[in-house]
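All values reported here derive from a predicted model rather than from experimental measurement. Heavy-atom basis, side chains included; hydrogens, waters and symmetry copies ignored. Just follow the structure's listing: the first ligand is 1, and inside any ligand the first atom is 1.
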Amino acid sequence: MTGYPALAMMIDGHAVSGGGRRTHAVVNPANGEVIGQVPLADPADLDDALAAAERGFARWRKSSAAERAAVLEGAARLLLERQEAIARNATLEQGKTLPEARIEVLMVVGLFRFYAGECQRIYGRTLVRPEGQRATVTHAPVGPVAAFAPWNFPIGNPGRKLGAPIAAGCSVILKSAEETPASALAVLQALHDAGLPGDVAQAVFGVPDEVSRHLLGSPVIRKLSFTGSTVVGKHLLRLASENMLRTTMELGGHGPVLVFGDVDVDRVLDTVVPHKLRNAGQVCVSPTRFLVEERVFDRFAAGFAARAGAFRVGDGLDPESRMGPMANPRRPEAMERLIANARDTGADVLTGGERVGNQGFFHAPTVLANVPEHAAIMNEEPFGPVAIVNAMADEAAMIAEANRLPYGLAAYAWTDDARRQRRLGAEIEAGMIGINTTMIGAADAPFGGVKWSGHGAEDGPEGLHACLVTKTVHEG
Ligand code: NAD
């Protein structure tokens, strides 16, 4: 008995399941056992959701800011009360350790509280005109949003997909990952229990391509919000172009970390190694390419391998575990492919390099050193617990390598030289840059990338404005 809940879609305020619908088996990544079955939407379900979203938008766009704030505040309170149960189910379906899942709940609590305040500050402006005339600029909710959230932050991603549209006065149809449905449903339930009407926010699951084609092809939907891989993002952008949808795209990354010789190597390692292994590396802003100045390279590489090799890997519910399994069988398979390819190109495996145990989807924390530029892992997002550590000659070479890839999501740098810090902030092509810190996400800060990592931002006032359209009324 896992305590894992029965699963249903939430369409127009009703739990929808059974009725001969197809299902997807939800698996515990720690042992491979099936823990639930999530129903998959038929076209008729999606039509029901679209009709409800249209009604929901007509209602919610007229709601007062105070009403929206009360819902978001109330949901934040309920999420806190339910934190332990929500976090446990997230660990069961996604694998991450329980402390990491608890933090995810807090991330959504913080975001909902921030947007409860921010939705009351959607100001317009009046333009200077001759007496008797007037021109006003206002911001209105964009309309019903189709939001697709992945499995790596099963609580946090749905929180982001729901919070900003609800604050802006939009309705939302959320399709969260079929692998992690209970977490998404718990976030939605908190909003409904706090008074959000059932047609304003809904949850469907399905065959991803069927759902996205159906929703994005409907004239009801006015915005696409997607978090996931660049390849799927490009496909969805093409679909979204048909109806000229507003888009927010949070796509892949390949985080460079520039480590200069003037730092305290042990202090940096104590921060970056746990950050690399957070959520078994399945994080879009995960630090991946460690570009280390030659004079501290040997110490850095050896220290990284020692710390990563000692990291305790196990079931996320075991309090001793510091890293859980990977979320699905595709990930350890991808690690095996990338590591084998790196070995073939001449890279050194300093620690790890293989799966752990014979059940579930565990993979050892792995450190690769001296990895040539043409190795697949130097170009493809590993999305796993694998760090690349390469020696670099100087700052110019490090910046060139940081900017070599088409990705530009998160980048990190460690140096005590103030002038260099400013140069790096200006030169590195990334949406988020952490200098002497790994803390690059906050409710009040825009989160998003440049280049192939996508466009638009979530969180912060920018995330709210991404759900608004601008209208100017000129009066003669
Ligand atoms: P994937 O690329 O097929 O799926 C990524 C996400 O997109 C999943 O949640 C999936 O349900 C969704 N998706 C896929 N096709 C879709 C479609 N046509 N319409 C709507 N949603 C769709 O593969 P995956 O194996 O789940 O993940 C592999 C890669 O995805 C990772 O290596 C990583 O690069 C990327 N990823 C990125 C993030 C992120 O936070 N940016 C999160 C999860 C996965």
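Residues Phe57 and Asp199 have side chains not in contact (no heavy-atom distance under 4.5 Å, counting atoms from C-beta outward).
Between the side chain of Asn28 and the main chain of Glu93, no donor-acceptor pair closer than 3.5 Å is present.
Remark: atom 17 (C) of ligand 1 lies closer than 4.0 Å to at least one protein heavy atom.
A salt bridge links Arg404 to Glu401: at least one charged side-chain nitrogen sits closer than 4.0 Å to a carboxylate oxygen. Taking the charged nitrogens against the carboxylate oxygens, Arg337 and Glu380 do have a contact shorter than 4.0 Å, which makes a salt bridge.
Closest heavy-atom approach to atom 22 (C) of ligand 1 among the candidates Gly449, Ala149, Pro208: Pro208.
Between His275 and Tyr412, the ring-plane angle classifies as perpendicular under the 30° and 60° cut-offs.
Only the side chain of Arg331 comes within contact range of ligand 1, with a heavy atom under 4.0 Å; no backbone atom does. At a heavy-atom cutoff of 4.0 Å, ligand 1 is contacted by the side chain of Ser212 but not by its backbone.
Each of the atoms 39 (C), 40 (O), 41 (N) of ligand 1 lies under 4.0 Å from some heavy atom of Thr227. Proximity to Cys284 (heavy-atom distance under 4.0 Å) selects the following atoms of ligand 1: 39 (C), 40 (O), 41 (N). Atom numbering of ligand 1 starts at 1 in the shown order; those under 4.0 Å from a heavy atom of Arg330 are 24 (P), 25 (O), 26 (O).
For ligand 1, none of its N or O atoms has an N or O atom of Asn328 under 3.5 Å away.
Within the 4.0 Å heavy-atom shell around ligand 1 one does not find Phe153.
When the shell of 6.0 Å around CD of Glu462 is examined, it contains more than 12 heavy atoms from other residues, nucleotides or ligands.
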